[in-house]
Amino acid sequence: MTDTFKTRVHQIVAKIPVGQVLTYKQVAELAGSPKAARAVGNILNKNRNPLVPCHRVIRSDGQIGGFAFGTSKKKEILLKEGYLQ
DNA sequence: GAGCTGACATGTT
DNA sequence: CAACATGCCAGCT
């Protein structure tokens with residue numbers, strides 16, 4: 001199995017249910033590197049796979065963070081998903 | 001094909 | 001507010 005950090009991040013993020021979000025740090029920790037929060041954002045940013053809801057990954061501060069299609073768009077999606085209100 | 005540098009959507013001190 | 005720590009990717013040589 002291709003158990004690389006990048007692949008693992010994709011699998012974890014793809015399993016996030018609607019209305020729920022994970023932080024970059026949480027995803028990095030589940031992926032096997034609790035200090036690789038930045039790497040998680042990098043993977044989603046460079047790969048931004050349509051199969052991976054990268055908009056469901058936010059900062060540990062509760063901030064939206066960033067988004068390849070626009071930070072405002074990410075907020076809008078979370079609003080629509082029900083995480084925000 | 002292999003190695004190095006820079007950039008990045010974070011986090012902690 | 002600013003600097004440092006940690007990991008991956010893209011581009012260049």
Side-chain angles (χ1 to χ4, degrees):
Chain A
M1 294 292 270
T2 48
D3 270 25
T4 50
F5 189 81
K6 149 178 114 92
T7 304
R8 200 177 274 277
V9 168
H10 285 160
Q11 293 290 299
I12 293 165
V13 176
K15 282 174 185 178
I16 302 177
V18 179
Q20 174 147 3
V21 298
L22 287 177
T23 62
Y24 291 105
K25 196 181 153 189
Q26 286 285 53
V27 175
E29 200 176 328
L30 292 169
S33 296
K35 309 268 177 141
R38 205 181 211 179
V40 174
N42 244 12
I43 292 165
L44 298 174
N45 166 34
K46 301 286 192 358
N47 284 273
R48 62 171 205 214
N49 266 339
L51 310 174
V52 178
C54 34
H55 61 264
R56 284 186 201 152
V57 185
I58 60 170
R59 293 178 53 142
S60 64
D61 304 277
Q63 299 301 113
I64 299 290
F67 196 50
F69 293 94
T71 316
S72 306
K73 194 77 174 175
K74 182 171 182 176
K75 193 156 71 170
E76 200 180 317
I77 294 168
L78 290 173
L79 200 76
K80 215 172 245 250
E81 301 246 323
Y83 175 67
L84 294 171
Q85 191 171 19

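Within every chain, numbering begins at 1; the chains are lettered A, B, ... in the order of the sequence lines, protein sequences first and strands thereafter.
When the C1' atom of B:dA9 is taken as reference, atom CG of A:N49 falls 15 Å away, rounded to whole Å. Rounded to an integer number of Å, the gap from A:F67 CZ to B:dA9 P is 13 Å. Rounded to whole Å, the distance from NZ on A:K25 to C1' on B:dT13 is 13 Å. In this structure, CD1 of A:I58 is placed 14 Å from C1' of B:dG11, rounded to the nearest angstrom.
Side-chain atoms of A:N47 come within 3.5 Å of backbone atoms of A:I43 as a donor-acceptor pair (strictly under, hydrogens ignored). At least one donor-acceptor pair closer than 3.5 Å links the side chain of A:K74 to the backbone N or O of A:I64.
Closest non-hydrogen pair, A:S33 versus A:F5, comes out as CB-CE1, 3.5 Å.
Between atom CD of residue A:E76 and atom CG of residue A:L78 there is a gap of 10.5 Å, rounded to the nearest 0.5 Å. One finds the CZ atom of A:F67 at 9.5 Å from the CG atom of A:L44 (value rounded to the nearest 0.5 Å). In this structure, NE2 on A:H10 lies 9.0 Å from OG1 on A:T4, to the nearest 0.5 angstrom. Atom OG1 of A:T23 and atom CD of A:Q63 lie 13.0 Å apart (nearest 0.5 Å). Distance check, rounded to the nearest 0.5 Å: CG of A:L30 to CD of A:Q11 gives 13.0 Å. The CD atom of A:E29 lies 11.0 Å from the CG atom of A:L22; values are rounded to the nearest 0.5 Å.
At least one side-chain heavy atom of A:R56 sits less than 4.5 Å from a side-chain heavy atom of A:V18.
Near-neighbour residues of DNA chain B inside residues 70-85 of chain A, defined by a heavy atom below 4.0 Å, are absent.
For the side chain to side chain contact (heavy atoms under 4.5 Å, CB included) test with A:V9, the passing option among A:N42, A:V52, A:V27, A:V57 is A:V27; the others fail.
Taking a pair as Watson-Crick or G-U wobble with both distances under 3.5 Å, the runs of three or more consecutive pairs in DNA chain B are B:2-6 with C:9-13, B:10-13 with C:2-5.
A:S60 has a side-chain polar atom (N or O) that falls below the 4.0 Å cut-off from OP1 or OP2 of B:dG11. Between A:R59 and the phosphate of B:dG11, there is a side-chain N or O to OP1/OP2 separation shorter than 4.0 Å.
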Atom pairs, N/O to N/O, protein against nucleotides 6-13 of chain C, distance under 3.5 Å?
| from | atom 1 | to | atom 2 | distance (Å) |
| --- | --- | --- | --- | --- |
| C:dT6 | O4 | A:R38 | NH1 | 3.0 |
| C:dG7 | N2 | A:N42 | ND2 | 2.6 |
| C:dC8 | O2 | A:N42 | ND2 | 2.6 |

